[in-house]
Amino acid sequence: MPKPKVFATRPLFEAARAILDAVCDVEYWRQPDRISREELLRCVKDKEALLCLLTERVNDELLHAAPKLRVAANVAVGFDNIDVSACTRRGVVATNTPGVLDETTADFAWTLLMAVARRIGEGEALARSGNWKGWDLDQLVGTDVWGKTLGLVGFGRIGRAVARRASGFQMKVLYADAVRVAESVERELHAEFRDLDSLLAESDYVSVHVPLLAETRGLFNGPRFLRMKPTAFLINTSRGSVVDEAALVDALESGKIAGAALDVFENEPFIHPGLKRSNVVLAPHIASASLETRTKMACIAAENIVALFTGQRPPNILNPEVLRAG
């Protein structure tokens, strides 16, 4: 019996390839440049599965181009690149890779927080420039993290992981979320619930951990930045479009907030020129980019595909109604 045909938009890691290759006939995109939309549509036309990244949109156009497609496996926890409703209408299973990247992303949120607070980017640039004249009392003085107030916007797995790290810095932890967590969780994490406006007014550091939904797109806009302290910093490792970048630039230029540290951007890979300033730390969407975590993510995506083709329920299915309908 022929193996199901799969297209993967990246070569993946060896462990993930081994999982897929054992069951499927896989074509990997191995070019150094990201696959173009035209090439992607051509490559999926005879495939039964697509293993994709968050940079590839799975929508009606792609589904129409791939009439044999049975599953689209995203190598990411977020799936705003996948039109799940369109997949469901066409009987295509959609999957993601939740859970595996929580701790690694939380680590990186702290990396960004510490970097912007202590001006690490500016310090490294000075150290590499050859212009450093030696120690001075007021040279590149930053802001303490220890004992300050951390506001977490979104209190899911990643937000809670960041909260656990805050205890080591004896920080006051506030959180805002659509759903208040159980009192036992608040006690365990020493976290206090606030509405968003109150959290912004009280926090020294605001770290964002919400999914990109209709109600979170542009969540951080001009009025929200006005509610923050002029000494506060914004950290974003969620999705770029949660922040209105033009409003953020205005807030930075006018001194409404003290700085920002960003791993994600509104129109990646484009970065607003106004963000390229000394009080903003920039990273190219690498919050989950440890070798261990990215390998696990690719393996989970591969396992989701293999499960479907071996008669099992994919562990991370986003639209289980497709299986019930079948």
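By convention here, the first residue in the shown sequence is residue 1.
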*Asks:* Between Asp83 and Arg57, does any side-chain N to carboxylate O distance fall below 4.0 Å?
*Replies:*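 Salt bridge between Asp83 and Arg57, a charged N being under 4.0 Å from a carboxylate O: no.
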*Asks:* So, does Arg165 use its side chain to make a donor-acceptor pair with the main chain of Ala161 at under 3.5 Å?
*Replies:*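 Checking the backbone N and O of Ala161 against the side chain of Arg165, a donor-acceptor pair under 3.5 Å is found.
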*Asks:* Would one find more than 12 heavy atoms of other residues, nucleotides or ligands at under 6.0 Å from atom NZ of Lys3?
*Replies:*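 Above 12, so yes.
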*Asks:* Verify the neighbour count for atom CZ of Arg90: are there more than 12 heavy atoms of other residues, nucleotides or ligands below 6.0 Å?
*Replies:*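 Yes, because the 6.0 Å sphere around CZ of Arg90 holds more than 12 heavy atoms from other groups.
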*Asks:* Does any donor atom in the side chain of His272 or Glu266 lie under 3.5 Å from an acceptor atom in the other side chain?
*Replies:*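 No, Glu266 and His272 have no side-chain donor paired with an acceptor closer than 3.5 Å.
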*Asks:* Tell me, do Phe220 and Leu248 make a side-chain contact under 4.5 Å, heavy atoms counted?
*Replies:*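 Heavy-atom side-chain distance check fails, nothing below 4.5 Å.
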*Asks:* Just wondering, are more than 12 heavy atoms of other shown residues or ligands nearer than 6.0 Å to CD in Glu14?
*Replies:*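 Incorrect, the count does not exceed 12.
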*Asks:* Under a 3.5 Å threshold, yes or no: a donor from one side chain and an acceptor from the other, between Thr88 and Asn319?
*Replies:*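 Yes, a side-chain donor-acceptor pair sits under 3.5 Å.
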*Asks:* Charged N to carboxylate O below 4.0 Å: is that the case for Arg224 and Asp197?
*Replies:*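 Looking at Arg224 and Asp197, the cut-off is met.
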*Asks:* Counting only heavy atoms not in Glu215, do more than 12 sit closer than 6.0 Å to its CD atom?
*Replies:*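 More than 12 within 6.0 Å, yes.
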*Asks:* Asn74 and Asn81: side-chain donor and acceptor closer than 3.5 Å?
*Replies:*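 Present: a donor and an acceptor within the cut-off.
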*Asks:* Have Ser198 and Asp195 got a donor and an acceptor in their side chains that come within less than 3.5 Å?
*Replies:*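 The criterion, which ignores hydrogens and geometry beyond distance, is satisfied for Asp195 and Ser198.
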*Asks:* Please report the C-alpha distance between Arg128 and Glu124 in whole Å, then the side-chain angles of each, then the deciding distance to 0.1 Å, and finally whether the salt bridge (Lys or Arg N to Asp or Glu O under 4.0 Å) criterion is met.
*Replies:* CA-CA 6 Å; Arg128 290 179 182 274; Glu124 186 191 29; 3.0 Å; yes
*Asks:* Would the Phe169 and Trp110 ring centres measure less than 6.0 Å apart?
*Replies:*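 Close enough - the centres of the two rings lie under 6.0 Å apart.
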*Asks:* Where is the tightest heavy-atom contact between Met114 and Ile120, given as atom of each residue plus distance?
*Replies:*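 Heavy atoms of Met114 and Ile120 come nearest at O-CG1, 4.3 Å.
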*Asks:* On a heavy-atom basis, which atom in Phe265 and which in Glu245 lie closest, and how many Å separate them?
*Replies:*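 Reported closest heavy-atom pair: CA-OE2, 3.2 Å.
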*Asks:* Begin from the C-alpha positions of Arg89 and Asp60 and carry the test salt bridge (Lys or Arg N to Asp or Glu O under 4.0 Å) through to its verdict.
*Replies:* CA-CA 10 Å; Arg89 288 195 302 272; Asp60 276 316; 3.1 Å; yes
*Asks:* Going by heavy atoms in the side chains, are Leu262 and Val243 under 4.5 Å from each other?
*Replies:*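 The answer is no, as the side chains (C-beta and beyond) never meet within the 4.5 Å cut-off.
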*Asks:* Below 30° counts as parallel, above 60° as perpendicular, anything between as tilted: where do the rings of Trp29 and Phe7 land?
*Replies:*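 Ring orientation, 0 to 90° scale: perpendicular.
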*Asks:* Testing the basics here: between Ala16 and Ala302, what is the closest heavy-atom pair and its distance to 0.1 Å?
*Replies:*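 That closest heavy-atom pairing would be O-CB, 3.8 Å.
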*Asks:* Pro314 versus Leu323: any side-chain heavy-atom pair under 4.5 Å?
*Replies:*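 Pro314 vs Leu323: side chains touch.
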*Asks:* Please determine which of His190, Glu188, Glu103 meets the side-chain hydrogen bond (donor to acceptor under 3.5 Å, both in side chains) test together with Arg164.
*Replies:*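 The single option meeting the side-chain hydrogen bond (donor to acceptor under 3.5 Å, both in side chains) with Arg164 is Glu103.
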*Asks:* Between the side chains of Lys5 and Glu27, is the shortest nitrogen-to-carboxylate-oxygen separation below 4.0 Å, so that they form an ion pair?
*Replies:*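 No salt bridge links Glu27 with Lys5.
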*Asks:* Indicate the atoms forming the closest heavy-atom contact of Ala191 with Tyr175, along with that distance.
*Replies:*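 In terms of heavy atoms, the two residues are closest at CB-CD2, 3.9 Å.
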*Asks:* Without hydrogens or angle criteria, can the side chains of Thr231 and Lys229 be said to hold a donor-acceptor pair below 3.5 Å?
*Replies:*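 No, no side-chain donor-acceptor pair sits under 3.5 Å.
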*Asks:* Keeping Thr216 on the side-chain end and Pro211 on the backbone end, is there a donor-acceptor pair under 3.5 Å?
*Replies:*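 It does hold such a pair.
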*Asks:* With a 4.5 Å heavy-atom cut-off, do Val6 and Lys47 have their side chains touching?
*Replies:*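 Side-chain contact under 4.5 Å: no.
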*Asks:* For Glu39 and Arg37, what are the C-alpha separation, side-chain angles and deciding distance, and is it a salt bridge (Lys or Arg N to Asp or Glu O under 4.0 Å)?
*Replies:* CA-CA 5 Å; Glu39 191 70 17; Arg37 184 66 175 178; over 6 Å; no
*Asks:* For a quick test of reading the model, state the closest non-hydrogen atom pair linking Glu56 to Leu40 and the distance between them.
*Replies:*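 Distance-wise, the nearest heavy atoms are CG-CD2, 3.9 Å.
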*Asks:* Answer whether the closest heavy-atom distance between the side chains of Asp21 and Tyr28 falls below 4.5 Å.
*Replies:*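 Yes; the side chains approach each other to less than 4.5 Å.
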*Asks:* Would you confirm whether Asp144, through its side chain, and Trp146, through its main-chain N or O, come within 3.5 Å as a donor-acceptor pair?
*Replies:*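 The answer is no, because no donor-acceptor pair under 3.5 Å joins these two groups.
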*Asks:* Quick one, Ile317 and Asn304 - any side-chain contact, counting heavy atoms below 4.5 Å?
*Replies:*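 No. Closest side-chain heavy atoms not under 4.5 Å.
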*Asks:* Please examine the side chains of Val306 and Gln312, heavy atoms only from C-beta on, and report whether any two atoms are closer than 4.5 Å.
*Replies:*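 SC-SC contact between Gln312 and Val306 ruled out.
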*Asks:* Heavy atoms, side chains only, cut-off 4.5 Å: are His285 and Leu54 in contact?
*Replies:*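 Yes, side chains in contact.
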*Asks:* Report yes or no: does Asp102 contribute a side-chain atom to a donor-acceptor pair with the main-chain N or O of Ile158 at less than 3.5 Å?
*Replies:*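 Side chain of Asp102 to backbone of Ile158: no pair is present.
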*Asks:* Okay, side chain of Arg17, backbone of Leu12: is any donor-acceptor separation there less than 3.5 Å?
*Replies:*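 Yes.
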*Asks:* Can you name the nearest heavy-atom pair linking Thr293 to Val100, along with the distance?
*Replies:*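 Looking at all heavy atoms of both residues, the closest pair is CG2-O, 3.9 Å.
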